[in-house]
Structures are given as C-alpha cells and as structure tokens.
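These figures come from a predicted structure and were not determined experimentally. For the numbers below, each heavy atom of this structure counts, side chains included, while hydrogens, waters and symmetry mates do not.
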Amino acid sequence: MKPTTDHLIFFLILICLSLTSCSDSNNEVATSTNPTSEISPDEAITEINPAIKHTLLSSEEKGFLDEHWQLTIPLQGQAPDDYSDIESSLDPASCGLCHEQQLKDWQTTFHAHAMGPGILGQVIDMIESGDHTQAQLCWSCHTPLAEQQDSLKLNDNWQSNTLFDEELQHSGLVCAGCHVRQHKRFGPSRRDTPNVEGNIDDGDQPHNGFIATTAFSHSAFCSNCHQFKENGFSLNGKLLENTYNEWQESRYAKEDIHCQTCHMPDRRHTWRGIHDPEMTKRAVTIDVDAPLQQYKLGELYEARITITNTGAGHYFPTYVTPKVFVRAELFDSDDNIIAGSLQEAIIGRETTANLSQELYDTRIAPDDNVSILYREALRGKPTKLKVSITVEPDHFYTRFYKIKLASMKEGLSTDLLREALAKAQQSHFSIFEKTYPINVDLNSTVKLDPNTYRASAPASKTNVDSTSHTPYWNDDDIKWHNYETGLALAKKNNKPVLLLFYADWCPTCHAYQPIFEDQRLLELSNDFIMVRVNTDNEPKLNQAYIPEEEWEYVPRTFALFSDGSRMNSVYSKTKAPRYFLSANSPSEFLFTMQAALLTHRDRIASTTLN
C-alpha cells in the first residue's frame, strides 16, 4: 500500500487534532437524562460508572477549562498601565526572573521544543500551500498563543498576524500558554492553602498577583492536548489518542493520582515521558523466568519474559508513535550469537502510514502484563540467553518523515524534516539487558522432534542453513499447491487463496501441526486454494511479500482474491507483526479464513450488482 499525499496530510490533521482543544472531553459533570429522575448528578454518575466518581470536575473547574483552552488562545491585548515591561512580556525568560527553577526545568523539556524541526517543517509547508486551517490545528497545542501564530482567522478569513512573534513561536509551549490570559496570571492554589481559590494578591506581588484554581492540579487540565473527543478519529473501535480516558479507567484515577503526580512531581515543570529512560524504566516491572535445569543439544529451551505495567496510569505506551522491542537470543561461550536464535516481540500500537488500518495493538493497560514465551531448540554451543528491551519513542515518526520527505520539494521544510528524522533515529534507548546461563551438556544430543515445538512469538530469520526436517502440513487432508499453480486454480475456480510463507528451520512452522489437523480448518480449506511457499527456496517471491510497514519474518500468512491481489483488510488483529498467526490455537487461522471468505464474497456481490 503506497500512502498518497492526501493520506499524509490527513495524518498531519489527526496528529494535530490529538493536540487541539478538547473541551468536550472535560464534560464530566453529568446530569440525569431522565427528566423525572430524582437521582442527584453525583449519584447518577456513580450508578452509571462508579469508577469515574473520583475523576469528577466541579462545575467551576469545568467552566474554567472550557474557557481557558481554545483552539487559538486570543491575543493578550493591551497590558494594564501599571505593568512594567517584564510584567507585560510573554517571554519565558521574563517569567524566569522570579520563577527561576520552573524556567530551568522547562528548558529541559519537550514543551520548550514543541515547535521543533519536525512540526515546524510541516507547518511551513502548510502555510506556503495556503492551508492555514491545518496549521492552526498544529499550533493549537504546540504554540497555542495567538502571538505565536503566523496568521489568524478573522471574520472567516485568514489574515497575516501583525503581532506575530517568531522568537516566541520557536519557544514552543511557553509559560503563558498555560498561565496567562488577557495578561492575567493563573495557576494552582498555594501549597499551604490548597483549597483557597480566586484572586490572590498580597498587595506587593508582580502582575497584581494571580488567580488560583484547583483545575491546574487535575488530569483534565492535560486532556486538552492528550485526549481525542468522544466522537474523534478511531481505529478498530479505539480513539487514536486516548490517554485521559485510559487514566480515568485505571485505579490511579480512583486513588486521586493525577498526571501531575508523575509528570510534575513536587510541582516541578519537568514533564518526563516516553523519551526519558529513567521515567520509562519506572513504568514497568520486568521478570524473566530462565530455567537452570540440565539440557542436551537438540532439546527445546523455554524462557518466559513478563512485562507488567506497574507505574503508568495509562497504557504502556499510550500513543501510536513509540514502540518497545523485546528481544531474546542465544549466545555461545565466546559471545557469538547462535544463528537463527533471535526472537522478537513488539509492544505498541501500529497503524498503516495513512492511518487507514490498525495493524496490531499489544500495549499494556495499567496493572496488566504481557507474557512472552521464548522457545528455541538448542543447537551450536549455547551457554546463555540474552534478553534486551529497547524503546524507540519516535518509531512512527522515523517512517513518517521518510515518506513525507520523498513527496516534498527541496527547501527549508525538507531541511527541517531531515533534522527531525536524524533526531528521531537517535532517540532509542535500552531499559533492560541481562544474560541468563544455560546449562547444556555439549556432548549429549537428542533428535529434534517437530511435535515439541510450540512457538508463541515471531522469530526473525538470520543467516542459517535449513535443517533436514520439514514442517508437517497434513498433505493427506489439505490439498496444497505451489504459488504459480495455486494462483491459476484460484482464477479458474474463482476461489480465494490462503498463502503461507514458511521455512524448514522455523519453530512456529513446526508448531502448526495440530492447527492443520483441526476439523474446522479442514472444512474451511475446501473453500480456498491453499498455497505454501518455502522462503529459502523462493527468495524473490518471499521478498515480494514482505509488507512495506514491517520486516522479513516467518511464518507469514496472507489472504488473496481469486485474481491474486492481496486482501489488505484481512490480517491477524491480535499479534504483532500483522501477518503472523499464532500456533497456540487454531483461532487466528479460523478468524483470518472466515474474514477472507466474507471479503471475497462481498467483492463478488459488488461486482454482480455493478
């Protein structure tokens, strides 16, 4: 699937929408929908969903946030006559004269670089093409002040902003973005009087004091830029950005642990997140069960890696851009990798580049865990297992910038995007790496038994010779064909194709034996042309079926129409990568085949009607 320019622009809109005004998401004060009901609003909410009672905003807090966050924060206007130049300034450095620690913290954050090269390069391209509406969507959270925006919409017309401050724009999400409206200062209540709200002025304070509100201490304050509206863009029934709702559904909301608790500890303006190794490490607990029993060469070695979300009040990770790679592989005594032993699983939510489909979602909800089973036949001279977990916080952007650059004319925008791409490619880091000894008697060997394989994680192929044994395919009950013959039969008989790529050395392929003996699958196979391809024997064909969003792995299973074209909407929705079907049970094969039949019949029906 080749993303079009329109699709990429659509993606930009969605990314910016994830950061735009979402005042509807703050609508937490419910009233009864039954006019005759005598249940109070709080009781009605509790009756519908007791879990959200702890996340309620007061009517005053909601009203404040609805007014505070607008698509573009209006121009500040004329400063009061008694204000000094410093008090009138929106420059963070002016704020830092009194709020020194806050300024120092802010300067280290992504907020200070919210209008970095990646977003700036895209916005410049939008402005040059006259698409101010899309630019405004991006500005709304990256640079929300009207003074930071090149153009403003007045009377339904976009006009050049005569008060535009380019230096302020390049400063990103500045202090005033959250704290200043019409030159009035807003902030949380004082520590020693946490329940005192309203205008606080001791008579000698700069900018006539400030207006205190508890809304600054509530997660809803952050939802403006970290939550899609209820009717916002969704994939597979899930909002593209859903961080605030994830928090609401967790125990953290019930325990009054808000975004600020973790991301602004002790009111520090640090906002650490997925790009920070220490913050990310604190989000999860990692356990590896690597047995120390005596093994012989040829025996099946199993280790289980369990990752639990013990520290994040939202999914780990929460958005579509990061990916977490869990890898395990065998080494010999000289620290050489045992060829073909690498297996990899991915934690994250992946979509196509044009956001037309969700490819998989393996993120971990708060207090939940994912358990990954590493299974590998011991060969060579293995002495230890190495488990590593790497975080790529900008994984999606790395791919996106490459696609975007390929479609743009050279200029300032492309220079900025190349700078952003370089930074994205360097942003990965490790949160876990440890080796575990394996006790193997290198002088004792057992014969490999394909029936013992029960691989549950996809393996990445490295250079390794095929072994002499081949997987079991139940040739007696299933009529398999090679690629050319299968496609010819499919066209002749108007049947869909189930196309499976495998390798003799692949543990998961051997584990498919009970899958292809399942009676339900045997019955379904009669409605298909069943085709399998050995990747080592057909390298060119194998290369042609490596999805552009993924990498080479086996096994891979595709559904094709009778004309040989791929059914892009049919894939496994429970595993990463998308065309990997589990050997643990027949369920994923059955789902894929049933979905393929429906898709094929829909096309036939559509063709008949036309």
Main-chain N/O of Phe516 paired to Asn474 side chain as donor or acceptor, under 3.5 Å: yes
Backbone of Val320 reached by a side-chain donor or acceptor of His395 within 3.5 Å: no
Non-hydrogen atoms of Tyr374 and Glu329 that approach each other most closely: OH-CA, 4.0 Å
Check: Gly348 main-chain N/O paired with Thr362 side-chain donor or acceptor under 3.5 Å: yes
Ala503 versus Thr535, closest heavy-atom pair with distance: CB-OG1, 3.7 Å
Side-chain donor or acceptor of Gln122 paired with backbone N/O of Gly118 under 3.5 Å: yes
Asn309 (side chain) donor-acceptor with Ile364 (main chain) under 3.5 angstrom: yes
Ile274 and Thr321, any side-chain heavy atoms less than 4.5 Å apart: no
Mutual orientation of the aromatic rings belonging to Trp247 and Tyr244 [parallel < 30°, tilted 30-60°, perpendicular > 60°]: parallel
Asp361 side-chain N/O to Arg363 backbone N/O, donor-acceptor pair under 3.5 Å: yes
Exam field: side chain Ser407 to backbone Lys404, donor-acceptor pair closer than 3.5 Å: yes
N/O donor-acceptor pair under 3.5 Å between Gln227 side chain and Asn245 backbone: yes
Candidate pair Met530 and Trp473, rule side chain to side chain contact (heavy atoms under 4.5 Å, CB included), full reasoning: CA-CA 11 Å; Met530 304 290 286; Trp473 301 112; over 6 Å; no
Aromatic plane relationship, Phe589 with Tyr512 - under 30° parallel, 30 to 60° tilted, over 60° perpendicular: perpendicular
Charged N-O contact under 4.0 Å between Glu344 and Arg327: yes
Under 3.5 Å donor-acceptor, Asp394 side chain and Tyr397 backbone: no
Glu588 side chain vs Ser582 backbone, donor-acceptor pair below 3.5 Å: yes
Matching residue for Phe501 among Tyr545, Phe580, Tyr483 - test: ring pair (Phe, Tyr, Trp, His ring centres under 6.0 Å): Tyr545
Nearest heavy atoms of Met126 and Ala135, plus distance in Å: SD-N, 3.6 Å
No-hydrogen, no-angle side-chain donor-acceptor test under 3.5 Å, Ser565 and Asp563: yes
